[in-house]
Amino acid sequence: MSSAPAVLFDVPGPKTIARHRLYTVVAAVVVVAVVAFAIWRLYAEQQFEYDKWEPFLTPSYVEALLVDGVVTTLQMAFTSVFLAVVFGVVFGMGKLSDHWWVRWPSWAVVEFFRAVPVLLMMILVFYTYGIDRGTSGAYWSVVVALTVYNGAVLAEVFRAGILAVPAGQAEAAYAIGMRKTQVMSLILLPQAVKIMLPAIISQCVVTLKDTSLGYAVAAPGLTAVGKQIYGGFNNQIPTVMVLAVIYIVINLVLTAVATWVQKKFVGEKDPLEVSMVGLTDPDAGQVSARGH
Amino acid sequence: MNVVIDNIDAVALAFSYTVLLFLIAGVLSLVFGTLLAAFRVGPISVLSKATAVYVTAVRNTPLLIIIFFFRFAGPKIGINFNFVDIVIADIRLNNIFAACTVGLTVYTSTFVCEALRSGVNAVPLGQAEAARAIGLPFSGVMREVVLPQAFRASVPPLASVQIALLKNTTVAGALGVFEAFARMRSFLNDNATERIGIFVAFAVIFVVLVEIVSFFANRIERRWRIA
């Protein structure tokens, strides 16, 4: 990444260096001016007054934010990711099956849930299951919706991970007389898991951000606590800032873990990326699974 | 399913809001995302770092929080869109619509920036070096050699970003625009016996919209692909 400028630019000469210095000064002034203007606006509108920030400095509110907010949100996110991995393994394997009557339904399920917005699924589960069950109903509406969506994405990750194992590995395993299940469980899966881990952790970031959609069904978690706080204190701006910072910090930690796992287990190879643009042919993976 | 067919006008109106949110935020996010990407890969390190911080912060914030900011928090400090009021037949684009469009644009443009940056990074080192070796100036290197390849490499990730945007327009429904998600929610609320049918109808329309976007993306990718 740091090599990008070297790709695009020649080593600058004295004139260019002087010009860049001028641009740097101008850009720095503009950036500082923008930030200063934003802070001044907030100050002028009395957003820095103590009573607006009071809930975030009061231990009982902070505790509510961390326990009812962060912990519940993380619980929702990780329950969803765990279930999504199971969903993804089942349908990812299904998509790689040798039998068309397994492959095609798996393909249809994965493509459908990948294309349908999470909120649609969430509101359906909420009205058919959650609405009479109070907080836990809303909680599970969020978890179910996130599970099927992220499960569908992870099914693609899973398939791509299996296909990323060199074809010679499976061929060699068949050559020494292993059966299909043995090849999958002893040869392909252990190698694929390593490749998939960073992608799964990155998916946690997506899931965590999507837990905020629980707002639409009044689910517990950070957004619900935030709603109570700004409802009581009429301090929308500080609340939004604090919620955003909490989400950003958790996501950055997750991203750092993903990068570390990538370096540790995968090495210099590019991380696995799955396009949102689905393959329209359910047999596409099958052909390449057999080797080129 | 019947309730969807009986109220086909309302459904069409709801989806026209969805499509408008998608088209307006899509075009704006491409423009601002390109600008961000230019700052990000450009030679001025202050801009590059400031953009990196901004993009990281926005990308890691949930879309709901960002739209919430423009919708409910912004008006508290004088950021409002009350000047927006456009009426086209039954479609009314008001301040709520504008706030949601701006939120979607802010969120999506950071992903566009990252997609374009990955495209620029995908151009092999030798290409720019060879272009410089035959004496092209910087503008020529960019225009003739690097950018055409970078745009091609960016098409698949950009398509993913735009498809995500199409699905993200439903968040605007949760915050006050009466588009497809809000329409479906009120159908679900009023018709207890047909819930699965209503969901399937709306979901299928979304699948079709996603397939349309991915069809055009595939066509562009194929047309631009170098043999």
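In what follows, chains carry the letters A, B, and so on, assigned in the order in which the sequence lines appear, proteins first and then strands, with residues in each chain numbered from 1.
- From A:L120, atom CG reaches atom CG of B:L188 across 8.5 Å, with rounding to the nearest 0.5 Å.
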Quiz prompt | Chi angles and distances behind the side-chain contact (heavy atoms from CB on, under 4.5 Å) call for A:M241, B:F69 | solution = CA-CA 9 Å; A:M241 283 179 175; B:F69 174 81; over 6 Å; no
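- The shortest heavy-atom contact between B:F206 and A:A115 is CB-O, 4.4 Å.
- At a 4.5 Å heavy-atom cutoff, the contact between B:A50 and chain A is made by side-chain atoms alone.
- No more than 12 heavy-atom neighbours from other residues, nucleotides or ligands sit within 6.0 angstrom of OH on A:Y43.
- B:K167 contributes a side-chain N or O that, together with a main-chain N or O of A:R114, makes up a donor-acceptor pair within less than 3.5 Å.
- Other residues, nucleotides and ligands place no more than 12 heavy atoms under 6.0 Å from the CZ atom of A:R21.
- Of the residues considered (B:A73, B:A180, B:P62), B:P62 shows the highest number of contacts with chain A, using heavy-atom pairs under 4.5 Å.
- The minimum heavy-atom distance between B:T61 and A:A244, with the atom names listed, is CG2-CB, 3.8 Å.
- Counting heavy atoms from C-beta outward, B:F199 and A:V116 have side chains that approach closer than 4.5 Å.
- Interatomic distance, CZ of B:F181 versus CG of A:L119, reported as 4.5 Å (0.5 Å rounding).
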Self-check item: Derivation of the side-chain contact (heavy atoms from CB on, under 4.5 Å) call for A:V240 and B:F72
Solution: CA-CA 10 Å; A:V240 166; B:F72 297 112; over 6 Å; no
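- Of the atoms belonging to B:N168, not a single heavy atom falls under 4.5 Å from chain A.
- In terms of modelled atom types and a separation under 3.5 Å, the side chain of B:R185 and the main chain of A:I123 share no donor-acceptor contact.
- Among A:R41, A:Q236, A:M121, the residue with the largest count of heavy-atom pairs under 4.5 Å with chain B is A:Q236.
- Pairing each heavy atom of B:L47 with each of A:A27, the nearest pair is CG-CB, 3.6 Å.
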Practice problem: Show your working on side-chain contact (heavy atoms from CB on, under 4.5 Å) between B:F68 and A:Y215 and close with a plain yes or no. | Solution: CA-CA 11 Å; B:F68 185 92; A:Y215 177 87; 4.0 Å; yes
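- Put simply, of B:T169, B:I77, B:I205, B:L63, the one with the most heavy-atom pairs under 4.5 Å next to chain A is B:I77.
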Exercise. Show the numbers, then the answer: is there a side-chain contact (heavy atoms from CB on, under 4.5 Å) between A:L252 and B:T56?
Key: CA-CA 9 Å; A:L252 286 182; B:T56 309; 3.6 Å; yes
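- Open room surrounds CZ on B:F216; 12 or fewer heavy atoms of other groups in view lie less than 6.0 Å from it.
- Of the possible polar contacts, none joining the B:N60 side chain to the A:N251 backbone as a donor-acceptor pair under 3.5 Å is found.
- For A:Y230, the part sitting under 4.5 Å from any heavy atom of chain B is the side chain, from C-beta outward, and nothing else.
- Scanning all heavy atoms of the two residues, the minimum distance from B:A57 to A:I248 falls at O-CD1, 3.5 Å.
- Around CZ of B:F32, the count of heavy atoms belonging to other residues, nucleotides or ligands within 6.0 Å does not exceed 12.
- Taken from CG in B:N191 to OH in A:Y127, the straight-line distance is 11.0 Å, to the nearest 0.5 Å.
- Only the side chain of A:T223 comes within less than 4.5 Å of a heavy atom in chain B; its backbone stays farther off.
- Between B:K76 atom NZ and A:I237 atom CD1 the span is 9.0 Å, to the nearest 0.5 Å.
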